[in-house]
Number of protein chains: 2
Amino acid sequence: MKYNDTIKILKEIKLKATPQRIAIIEFLKENRTHPTPRQIYDLLKKEYPSISLATIYNTLSALKDEGIIEELYLEKDISHIECNTTPHDHFFCLSCKKIFDIMEDKYKDDIPHTIKDFKIISIRKEYFGYCDECVSKEGEN
Amino acid sequence: MKYNDTIKILKEIKLKATPQRIAIIEFLKENRTHPTPRQIYDLLKKEYPSISLATIYNTLSALKDEGIIEELYLEKDISHIECNTTPHDHFFCLSCKKIFDIMEDKYKDDIPHTIKDFKIISIRKEYFGYCDECVSKEGEN
DNA sequence: TAGTATATAAGAATAATTCTAACTTGAGAA
DNA sequence: TTCTCAAGTTAGAATTATTCTTATATACTA
Ligand SMILES: [Mn+2]
Ligand SMILES: [Mn+2]
Ligand SMILES: [Zn+2]
Ligand SMILES: [Zn+2]
């Protein structure tokens with residue numbers, strides 16, 4: 001039973017283990033490309049033709065509430081799902097819009113707990129620019 | 001003529017100096033609270049009852065294209081206008097949703113130009129948590 | 001001051017997300 | 001295993017931010 005751990009996750013957060021939820025979680029496990037809800041929907045629709053966008057949103061919302069996933073806002077009007085809750089940075093390509101994970105050792109130590117009396121819960125660092133592939137394409141012109 | 005420099009800005013980027021555009025730029029000059037397009041609209045409506053949201057969006061889009069302002073995406077579905085193009089960080093309060101500027105000296109030196117062959121254009125760092133005011137309110141309970 | 005390219009306003013269109021309500025189902029109880 | 005029902009799903013409507021369309025208005029140049 002390859003879904004055992006997924007079902008365990010759902011049990012832990014007291015959500016019924018429906019085929020739709022299992023499919024969403026399985027998909028997120030295999031897919032670390034920061035997909036959008038719409039992309040998840042379009043892909044799962046092949047397996048579950050009747051799946052509803054509302055179910056995608058509902059499930060993602062529940063997983064987010066439980067801290068199992070996060071949401072990234074790098075572009076206007078588009079949210080990307082982050083399945084890797086280990087602290088890390090992102091590089092966003094302004095040309096192809098791809099999001100790359102940037103792992104840095106620094107997260108081992110220098111996370112401050114406060115700044116100016118503000119209580120810090122999390123930190124995000126985002127690099128914007130052009131990925132190597134887009135840089136070479138540009139060079140061809 | 002207090003609007004002289006605003007008109008100069010518009011001339012430089014070859015946009016007609018309409019009262020609406022002047023009002024938007026003057027508003028942004030005085031208001032460094034990262035307002036949303038809707039907030040700008042609601043406030044300018046008092047002075048220009050017939051102003052259109054489309055004009056706000058058009059003007060902001062033009063100013064952004066010229067690098068005069070930037071746009072921040074910290075919350076789902078909400079864009080905030082950044083009028084201060086000097087590099088700096090942000091603290092976003094998860095409770096009151098206010099955005100605070102965080103100025104750090106580090107921007108004087110350590111901005112890398114590349115990471116893993118990616119060409120970096122800009123960097124953003126965001127702190128999420130609870131501002132001092134919300135922390136004290138919470139303490140009252 | 002007139003001619004014209006550009007800008008504005010109002011509302012329609014679009015797109016992401018959320019809501020609603022009727023139908024369905026997973027999972028515990030018997 | 002079957003029954004029961006709280007919880008979940010779906011389709012489509014509603015909402016909200018943003019963009020588009022187009023008729024009208026206006027800033028700027030000569
Ligand atoms: Mn990531
Ligand atoms: Mn700022
Ligand atoms: Zn790219
Ligand atoms: Zn606060």
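Just so it is clear: chains get the letters A, B, ... in the order the sequence lines come, proteins before strands, and each one is counted from 1.
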Go through the steps for A:Lys29 and A:Asp5 under the test salt bridge (charged side-chain N to carboxylate O under 4.0 Å, His left out), then give the verdict. CA-CA 11 Å; A:Lys29 269 192 212 161; A:Asp5 45 345; 3.1 Å; yes

Distance check needed: [N] [atom2] versus [X] [atom1], whole Å only.
X       : N      : atom1 : atom2 : result
A:Gln39 : C:dA16 : CD    : C1'   : 13 Å
B:Glu71 : D:dT19 : CD    : C1'   : 13 Å
B:Tyr57 : C:dG11 : OH    : C1'   : 15 Å
A:Asp77 : D:dT19 : CG    : P     : 8 Å
B:Lys76 : C:dA16 : NZ    : C1'   : 9 Å
A:Leu15 : D:dA6  : CG    : C1'   : 13 Å
A:Leu53 : D:dA13 : CG    : C1'   : 14 Å
A:Lys45 : D:dT9  : NZ    : C1'   : 13 Å

Are the side chain of A:Asn58 and the backbone of A:Ala54 linked by a donor-acceptor contact shorter than 3.5 Å?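 Yes.
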
Using modelled atom types only, decide if a donor and an acceptor are shared between the side chain of A:Glu66 and the backbone of A:Ile68 within a distance under 3.5 Å.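 No; zero donor-acceptor contacts below 3.5 Å.
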
Tell me whether the OP1 or OP2 atom of [N] has a side-chain N or O from [X] closer than 4.0 Å.
X       : N      : value
A:Ser79 : C:dA16 : no
A:Arg21 : D:dT9  : yes
A:Ser50 : D:dT10 : yes
B:Gln20 : C:dA9  : yes
A:Thr55 : D:dT10 : yes
A:Arg38 : C:dA15 : no

Applying the side-chain hydrogen bond (donor to acceptor under 3.5 Å, both in side chains) test to A:His80, which of A:His90, A:Glu71, A:Glu75 qualifies?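 Exactly one option meets the side-chain hydrogen bond (donor to acceptor under 3.5 Å, both in side chains) with A:His80, and it is A:Glu75.
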
More 5' along DNA chain C: B:Lys14 or B:Pro49, using each one's nearest nucleotide?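 Mapping each residue to its closest nucleotide by heavy atoms, the 5'-most match is B:Lys14.
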
Using a 4.0 Å heavy-atom cut-off, does [X] contact any base of the nucleic acid, only the sugar-phosphate backbone, or nothing at all?
X       : answer
A:Thr18 : sugar-phosphate
A:Thr36 : nothing
B:Ile78 : nothing

Choosing from C:dT17, C:dA9, D:dT10, which nucleotide comes nearest the side chain of A:Pro37?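 From the listed options, C:dT17 comes nearest.
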
Regarding C:dA5, can its base be found pairing with the side chain of B:Lys16 as donor and acceptor, where the two atoms are less than 3.5 Å apart?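 Flag set: donor-acceptor pair detected.
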
Would you indicate whether the side-chain heavy atoms of A:Glu82 and A:His88 approach each other to under 4.5 Å?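 They are in side-chain contact.
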
